[in-house]
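Just the heavy atoms: all of them, side chains too, but no hydrogens, waters or symmetry mates, feed the values below. Residues: numbered from 1 along the sequence shown.
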Amino acid sequence: MLSNKRIQELELVMEFEKVEECFKEVSSWIENVGSIRLKETINLDDSLEMLLQAQKQFKEFDLVASEYCKRGQEALKKMNQWEDFSFVDVHSYRVKLQTYEDQLEEFCTQLDETRHRVCETVRLYEFFDKVRQAFCCTEDGIKS
């Protein structure tokens with residue numbers, strides 16, 4: 001029985017090492033690319049034209065970022081089996097796993113919030129642009 005537990009523990013450790021490589025890649029991308037790009041998106045331009053360009057660039061980034069989020073979440077699902085084991089020796093792996101999970105969750109939440117903010121800002125600017133055009137047309141009609 002003890003031997004079986006040890007084998008299971010070793011299998012989990014080997015699985016963790018495979019998954020950890022994925023996490024390291026995702027984590028590195030989040031730190032070196034993803035978080036930086038999200039911070040750049042905080043200051044959106046003041047004109048509708050520039051905002052639409054920023055939205056297009058964000059959508060391209062969002063596709064890549066969403067793929068990294070998906071890969072990280074899939075790796076986390078693989079490690080859900082760890083919940084069934086109470087080995088003392090795997091505690092350090094659980095701590096690492098929790099760190100990766102927290103980082104991934106925070107980034108994915110920020111990505112969702114930024115996606116929503118960009119979309120809403122574009123919609124608002126489009127609305128104001130229509131109001132401005134209608135006001136200009138009305139003003140021109142009054143002058144005629």
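- In terms of heavy atoms, Cys69 sits closest to Leu104 at CA-CD1, 3.9 Å.
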Yes or no on side chain to side chain contact (heavy atoms under 4.5 Å, CB included) for Arg71 and Glu25, after CA distance, side-chain angles and deciding distance? CA-CA 10 Å; Arg71 287 175 57 203; Glu25 182 182 338; 3.1 Å; yes
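- Clustering ILVMFWY residues whenever any of their side-chain heavy atoms sit less than 4.5 angstrom apart, transitively, puts Leu52 in the very cluster that holds Val118.
- Residue Ser66 comes nearest to Arg115 through the heavy atom pair OG-NH2, 3.5 Å, listed as atom of the first residue, atom of the second, then distance.
- Looking only at side-chain heavy atoms (C-beta outward), Phe58 and Leu38 come within less than 4.5 Å of each other.
- Across Phe23 and Gly72, no two heavy atoms sit closer than the pair CE2-O, 3.6 Å.
- With contacts defined as side-chain heavy-atom distances shorter than 4.5 Å, the pair Val19/Leu76 does not qualify.
- Cluster membership for Val64 and Leu111, using ILVMFWY side-chain heavy atoms within less than 4.5 angstrom, is shared.
- In the hydrophobic clustering of this structure, Tyr100 groups with Val33; members are Ile, Leu, Val, Met, Phe, Trp, Tyr whose side-chain heavy atoms approach within less than 4.5 Å, directly or through other members.
- The closest side-chain heavy-atom distance from Glu15 to Glu11 is not below 4.5 Å.
- Between Trp29 and Phe107, the two ring planes are perpendicular [angle over 60°; tilted spans 30° to 60°].
- Residues Asp102 and Glu106 fail the side-chain proximity criterion, which asks for heavy atoms closer than 4.5 Å.
- With respect to Asp62 and Lys59, no salt bridge is recorded, no charged nitrogen being found less than 4.0 Å from a carboxylate O.
- In the displayed structure, Glu49 atom CD is contacted under 6.0 Å by at most 12 heavy atoms of other residues, nucleotides or ligands.
- Using a cutoff of 4.0 Å between basic side-chain nitrogens and carboxylate oxygens, Arg123 and Glu126 are not scored as salt-bridged.
- Taking the side chain as every heavy atom from C-beta outward, Gln73 and Cys108 approach each other to under 4.5 Å.
- For the atom pair CZ of Arg132 and OH of Tyr125, the computed distance is 12.5 Å after rounding to the nearest 0.5 Å.
- A salt bridge links Glu40 to Arg37: at least one charged side-chain nitrogen sits closer than 4.0 Å to a carboxylate oxygen.
- You'll find the side chain of Ile30 stays beyond 4.5 Å of the side chain of Tyr68, heavy atoms only.
- Taking OG1 of Thr121 as the start and CG of Leu48 as the end, the distance is 11.5 Å to the nearest 0.5 Å.
- The side-chain heavy atoms of His116 and Glu113, taken from C-beta on, include no pair separated by under 4.5 Å.
- Nearest approach of Arg117 to Thr41, heavy atoms of both residues: NH2-O, 3.2 Å.
- Here the side chains of Gln103 and Glu31 are in contact, with some heavy-atom distance below 4.5 Å.
- Between the NZ atom of Lys39 and the CD atom of Gln110 there is a distance of 8.0 Å, given to the nearest 0.5 Å.
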